[in-house]
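Notes follow once the structure below has been shown.
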Amino acid sequence: MSNIHTGKKKIEIDITDAQLTGSGGLHFVSAMAHRLGLPSLLAEAIRVKQRKRGCSDTETLLGIIYSLATGNGSLRDLESFRRDTPTLSIAGLERAPASRRAGEYLARCTPADLEALLQIVRTVSAPLYADVCAREIADRGYVPVFIDGSEIEVTGRYYEQAHRGYSGRQQYWLHGVFVGGLWASQRLCAGGGDVTADWKAQLDADVRPILSQLRMRPSGNNAEDGTPPLHDQQVPVWVSTDNAYYRKECAEYFHAQGWEYSISVTSGTYKRPILRQAARKDASAWHKITRTEEALLVTHQPADWSRPHQYVVMRTEWDGTQRLLFPRHTVICVSRGDLPLAELVRRHRHKMGMENEFKGPLDALDLHHPPCLSFIANQVFYACGQLAHLLLRAVQFRLLPAADHRRTIRTVIHDLIRTVARLVHTGRKVRLLFARTTWRLDWIHHAACQLE
């Protein structure tokens with residue numbers, strides 16, 4: 001009988017002078033930031049510091065953005081980031097702020113500084129729209145736009161403008177707009193307000209100007225990066241929202257922009273006249289759309305609405321494998337009824353996948369908890385979080401293989417950004433060396449070739 005060795009080999013602990021970093025992929029984030037002109041934009045537009053002492057405005061904000069891009073959502077993480085010399089080097093920074101200094105800096109920002117930072121966000125995100133829209137049109141035939149909000153947990157009594165929301169908890173409210181996988185707009189709002197926030201102002205400032213000017217490339221002019229060819233016309237947009245946006249002003253706004261849309265109708269009051277119409281239809285009006293669901297189309301004009309709308313009514317007698325005592329109905333307000341019912345349902349149900357996009361900034365960047373007591377400081381911090389998210393998407397769309405453009409931000413951070421590398425200075429050259437055993441060495445090779 002062979003012996004079974006259960007002991008572990010003794011490992012000696014020592015120190016090396018090699019410049020190692022656990023965030024080797026941050027080099028690609030920094031390179032993309034410079035390609036999009038982010039450092040120059042910050043240097044020109046942000047003037048918070050009065051003295052030329054310590055970290056500059058640009059160094060402070062870039063330190064926060066790059067730290068967030070590695071998945072560190074706490075200001076306390078800046079302490080390890082600022083002392084990691086190789087990581088600072090590959091990020092193109094000579095220094096980064098301490099956590100306390102960064103918090104004080106954010107608290108000194110004004111609403112004018114926040115608006116300047118949001119304008120930088122618009123400038124940085126604009127070039128990425130074409131990449132996102134081309135991919136979505138190639139996959140779906142339209143560009144999905146999703147509008148929603150998410151509760152931001154707040155613990156303690158001293159957070160400025162934190163109030164009880166509909167859940168009964170102290171909160172802020174983060175309202176966002178996603179264009180495909182791109183976090184196109186965000187506003188951190190005070191707690192206890194309308195869950196739709198100022199949706200129209202966000203679309204007018206951050207999304208509509210870019211989408212309205214974006215044109216598809218003429219057929220045959222293929223992009224060098226493999227992006228599908230586009231046509232010389234406005235991109236087709238499909239907006240999906242929940243019941244909170246079932247309002248006359250929302251439907252008219254989407255219609256005025258030439259956007260198609262679908263809106264969930266879950267309120268019993270709003271559903272009642274629609275379900276009454278559906279109940280009067282005979283059995284031949286219902287069409288099978290899935291194995292357990294059937295649907296029909298009805299027309300209804302809500303009170304005070306300027307024109308009638310069409311509604312997809314779905315019913316099912318099944319909840320998984322269990323049969324229901326009474327059929328369950330689902331109602332969706334749609335802007336067009338010329339598409340097959342199954343296609344209308346499929347487009348709207350994509351909203352459930354888009355809801356997961358909020359997991360990108362909240363979970364992957366660890367933005368669930370605001371770091372400051374000052375409300376304006378938290379608003380600036382979340383604007384930095386949006387910039388970090390945009391840079392990660394830029395790396396994904398422009399440097400990674402096309403087959404990986406559907407990966408989540410969490411995957412990009414864990415498999416690319418948090419990759420161990422060694423920084424080597426040889427003569428006048430600086431080399432970043434990755435191990436052959438790196439999990440996604442193909443990503444690193446592809447990204448490096450794209451930068452070249």
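- When all heavy atoms are compared, the tightest approach of D206 to S185 is OD2-OG, 2.6 Å.
- Closest of all the heavy-atom pairs between A388 and I65 is CB-O, 3.5 Å.
- At a threshold of 4.0 Å, the pair R407-D415 does not count as salt-bridged, since none of the basic side-chain nitrogens sits closer than that to a carboxylate oxygen.
- The shortest side-chain heavy-atom distance between W199 and T241 does not fall under the 4.5 Å cut-off.
- Among all heavy-atom pairs drawn from F375 and A190, the shortest one is CZ-N, 3.6 Å.
- No side-chain donor-acceptor contact under 3.5 Å links T438 to the backbone of L441.
- Judged by distance alone, the side chain of S67 and the main-chain N or O of G63 form no donor-acceptor pair under 3.5 Å.
- Looking only at distances, no side-chain donor or acceptor of Q19 sits under 3.5 Å from a matching main-chain atom of L423.
- The CG atom of L367 sits 5.0 Å away from the CG atom of L365 when rounded to the nearest 0.5 Å.
- Residues T60 and D57 have side chains that never bring a donor and an acceptor to within less than 3.5 angstrom of each other.
- A salt bridge does not link R349 with E355: none of the charged nitrogens is closer than 4.0 Å to a carboxylate oxygen.
- Checking side-chain atoms of S30 against main-chain N and O of H27 turns up no donor-acceptor pair under 3.5 Å.
- Looking only at side-chain heavy atoms (C-beta outward), L211 and V235 come within less than 4.5 Å of each other.
- Residue pairs meeting the ring-ring contact (aromatic ring centres under 6.0 Å, His included) criterion with at least one partner in residues 423-452, sequence neighbours excluded, do not occur; the list is empty.
- Across every non-hydrogen atom of L88 and A96, the tightest pair is CD2-CB, 3.8 Å.
- Q396 places a side-chain N or O within donor-acceptor distance of the main-chain N or O of D404, the cut-off being under 3.5 Å.
- In this structure the side chain of T419 never reaches within 4.5 angstrom of the side chain of F28, judged on heavy atoms.
- Side chain of N378 to backbone of C372: a donor-acceptor contact under 3.5 angstrom is found.
- In this structure a side-chain-to-backbone donor-acceptor pair under 3.5 Å is present from E59 to S56.
- For R398 and D131, the salt-bridge test passes: some basic side-chain N is under 4.0 Å from an acidic carboxylate O.
- The aromatic rings of Y261 and H309 lie tilted to each other, with the angle between the two planes from 30° to 60°.
- Side-chain contact check for L344 versus I332: every heavy-atom pair is 4.5 Å or farther apart.
- Checked against K200 for a side chain to side chain donor-acceptor pair (under 3.5 Å), the options D204, D198, T196 give a single hit: D204.
- Under a 4.0 Å N-O distance rule, the pair R122/E115 qualifies as a salt bridge.
- Counting heavy atoms from C-beta on, the side chains of D113 and V380 never come closer than 4.5 Å.
- A salt bridge is absent between R108 and E104; no separation between the charged side-chain nitrogens and carboxylate oxygens falls under 4.0 Å.
- Comment: R440 engages D442 in a salt bridge, judged by a side-chain N to carboxylate O separation of less than 4.0 angstrom.
- Looking at E136, its side chain never comes within 3.5 Å of a backbone N or O of G180 through a donor-acceptor pair.
- Below 30°, between 30° and 60°, or above 60°: for H175 and Y245 the angle between ring planes is between 30° and 60°, a tilted geometry.
- By the 4.0 Å N-to-carboxylate-O rule, R169 lies too far from E153 to be salt-bridged with it.
- Closest approach of S264 to H348, counting heavy atoms only: OG-NE2, 2.7 Å.
- Counting only heavy atoms from C-beta outward, the side chains of W238 and S240 approach each other to under 4.5 Å.
- Shown are L41, V124, T123, I120; of these, the side chain to side chain contact (heavy atoms under 4.5 Å, CB included) with L36 is made only by V124.
- The main-chain N or O of W183 is found under 3.5 Å from a side-chain atom of Q386 such that the two form a donor-acceptor pair.
- Between Y246 and W305, the ring-plane angle classifies as tilted under the 30° and 60° cut-offs.
- Within the 3.5 Å criterion, the main-chain N or O of A43 finds a donor-acceptor partner in the side chain of R47.
- Minimum heavy-atom separation, L42 to T58: C-OG1, 3.8 Å.
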